[in-house]
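Within every chain, numbering begins at 1; the chains are lettered A, B, ... in the order of the sequence lines, protein sequences first and strands thereafter. Since we're looking at a predicted model, the values are computed, not measured.
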2 protein chains.
Amino acid sequence: MPFLENIEYDNLIDEFKTVLKKNSLKFTKQRETILQTLYNFPGHFLPEEFYLLIKENNPKSNIGIATIYRTLNLLEDSDIVTTISFGKNGKKYELANKPHHDHIICKNCGLILEFEDKNIEKRQNDIALKNGFILTNHIMQLYGICPQCQKKLNKKEI
Amino acid sequence: MPFLENIEYDNLIDEFKTVLKKNSLKFTKQRETILQTLYNFPGHFLPEEFYLLIKENNPKSNIGIATIYRTLNLLEDSDIVTTISFGKNGKKYELANKPHHDHIICKNCGLILEFEDKNIEKRQNDIALKNGFILTNHIMQLYGICPQCQKKLNKKEI
DNA sequence: CTTCGTGCAAAAACTTTGCAAATTG
DNA sequence: CAATTTGCAAAGTTTTTGCACGAAG
């Protein structure tokens, strides 16, 4: 598929190729498709969901679920992808290289929203400074019940 | 087993009994053992690890892995236990009821400091509200380099 | 052309479920 | 006693692996 120029995406591919080269691994059609999907569909997906997403969007590619698992693991090990997991759901994968954001996660259905808050980030920096740390990054996840599930759960209790 | 008085533990048991009563469930030997283990071994454990831990510490109790899974799920649903999953590992369980704190972690030496910041907590609540979530808890970890390691690393670079 | 990757199917690992017997309230 | 729970084994799920063929460097 022809795409417009996209430096961000090209950088991502370059990053991946560098990792591959460093480990004498090969840049295959499947690995490219997976990275492309990761890039084109921002969000958090289970391996199975990637599998279906890729089948749907690349009908020709006869990709196997095993390849999805192998590639996601590779991408996770290389820090190109990060994972998050909560409640009943398994581990969900997302591109690591996105502008920084934190997560709000529904404990009931696993819905994940993203947010960013400069105020908190500044405060975190202050706390780190006060403790003499040089901060490099952070993880912040808020857990709760999303609006939809609040409704559902209320109904059940009647 | 006779234990010293332990209000904290008793409260935990009471909390559990309340949940059980509310749902017409029963307080069994196995459920007690699991809660006791959760209390006596602070840390994050996989279901399998609980199973082994309990077998080791309660040789008489012939507890089944299915009961571990069933009870952990129950405890998670009741918010007595929370789960988290780091990297390769699956979901790990820990007691939720510990006094809340967040962490600053040194990426170099692993030093962990704890902190608490009302300001950030309030802000987190606001963010959750804005998204319609009812917040139950959160995880916040700041990663960086601690003062000691900063010195060490500077020397190395000379 | 050598090495690595892939899909497939089988295996392993992990989690849930059905059931008869045991335990709890 | 009635209702729930348990351990066990079987059934589901999810993830990994072995292998022969195909693709990449």
Side-chain angles (χ1 to χ4, degrees), chain A residues 13-14 16-37 44-55 58-78 80-81 83-93 110, chain B residues 13-14 16-37 44-55 58-78 81 83-93:
Chain A
I13 292 285
D14 284 348
F16 192 24
K17 284 186 177 170
T18 303
V19 168
L20 293 174
K21 194 160 290 176
K22 193 178 297 177
N23 297 286
S24 319
L25 304 178
K26 292 170 179 178
F27 184 68
T28 65
K29 198 84 196 135
Q30 290 88 336
R31 285 175 176 164
E32 184 177 13
T33 302
I34 291 169
L35 204 60
Q36 213 175 79
T37 305
H44 307 78
F45 299 100
L46 297 168
E48 182 71 23
E49 293 172 330
F50 271 110
Y51 180 62
L52 297 174
L53 205 51
I54 287 175
K55 286 215 142 184
N58 309 61
K60 290 175 205 167
S61 100
N62 184 31
I63 203 166
I65 186 82
T67 297
I68 305 276
Y69 275 100
R70 285 186 281 228
T71 303
L72 287 176
N73 283 341
L74 170 61
L75 289 168
E76 186 182 11
D77 290 342
S78 330
I80 291 176
V81 140
T83 64
I84 192 173
S85 137
F86 187 77
K88 296 288 166 207
N89 305 307
K91 209 158 54 160
K92 291 187 170 184
Y93 295 78
Chain B
I13 292 285
D14 285 348
F16 192 25
K17 284 188 178 171
T18 304
V19 167
L20 293 175
K21 194 159 290 177
K22 193 179 296 176
N23 296 287
S24 321
L25 303 178
K26 292 172 179 177
F27 185 68
T28 64
K29 199 83 197 135
Q30 290 88 335
R31 284 176 177 162
E32 184 177 13
T33 302
I34 290 169
L35 205 58
Q36 211 174 79
T37 305
H44 308 77
F45 299 99
L46 298 168
E48 181 72 21
E49 293 171 331
F50 271 110
Y51 181 62
L52 298 174
L53 205 50
I54 288 175
K55 287 215 142 186
N58 309 61
K60 291 175 205 169
S61 99
N62 183 30
I63 203 167
I65 186 85
T67 298
I68 306 276
Y69 275 101
R70 284 186 282 228
T71 303
L72 287 175
N73 283 341
L74 170 61
L75 289 168
E76 186 183 11
D77 289 344
S78 329
V81 139
T83 64
I84 190 173
S85 130
F86 305 109
K88 291 289 167 208
N89 307 307
K91 203 160 58 160
K92 292 188 167 186
Y93 295 78

- Got a donor-acceptor pair under 3.5 Å from the side chain of A:K29 to the base of D:dA23?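 When only heavy-atom distances are counted, A:K29 does not reach the base of D:dA23 through any donor-acceptor pair under 3.5 Å.
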
Over how many whole Å does the gap from [X] atom [atom1] to [N] atom [atom2] extend?
X: A:L75; N: C:dG5; atom1: CG; atom2: P; value: 13 Å
X: A:F16; N: C:dG5; atom1: CZ; atom2: C1'; value: 12 Å
X: A:F27; N: C:dT3; atom1: CZ; atom2: C1'; value: 18 Å
X: B:K22; N: D:dT4; atom1: NZ; atom2: P; value: 18 Å
X: B:E32; N: C:dG25; atom1: CD; atom2: P; value: 11 Å
X: A:Y51; N: D:dT16; atom1: OH; atom2: C1'; value: 16 Å
X: A:L35; N: C:dG5; atom1: CG; atom2: P; value: 16 Å
X: A:I68; N: D:dT16; atom1: CD1; atom2: P; value: 13 Å

- Message: When you measure from the centre of the six-membered ring of A:F27, is the NZ or CZ of A:K17 closer than 6.0 Å and no more than 45° off the axis?
- Response: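 That pair qualifies as a cation-pi contact.
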
- Message: Under a 3.5 Å distance rule, please check whether B:R31 uses its side chain to pair with a backbone N or O of B:T71 as donor and acceptor.
- Response: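 Not at all, since once roles are kept as given, no pair shorter than 3.5 Å links the two residues.
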
Choose from [options] the nucleotide whose nearest atom is closest to any side-chain atom of [X].
X: A:L25; options: D:dT5, C:dC4, C:dG25; result: C:dC4
X: B:P47; options: C:dT15, D:dC8, D:dT16; result: C:dT15
X: B:A66; options: C:dT17, C:dC8, C:dC4; result: C:dT17
X: A:T28; options: D:dT16, C:dT6, D:dA24; result: C:dT6

- Message: On DNA chain D, does the nearest nucleotide to B:S24 precede the nearest nucleotide to B:I63 from the 5' side, or the other way round? Give the residue.
- Response: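 Going by which nucleotide is closer to the 5' end, it is B:S24.
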
- Task: Between A:E48 and A:K26, name the one whose nearest nucleotide on DNA chain D is closer to the 5' end.
- Result: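 Its nearest nucleotide lies further toward 5', so the answer is A:E48.
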
Answer yes or no: is there a side-chain heavy-atom contact under 4.5 Å between [X] and [Y]?
X: B:I68; Y: B:F45; answer: no
X: B:L25; Y: B:F16; answer: no
X: A:T33; Y: A:F50; answer: no

Quick one: is [N] close enough that its OP1 or OP2 comes under 4.0 Å of any side-chain N or O from [X]?
X: A:N62; N: C:dC8; answer: yes
X: B:N73; N: C:dT16; answer: yes
X: B:Y69; N: C:dT15; answer: yes
X: A:R70; N: C:dG5; answer: no

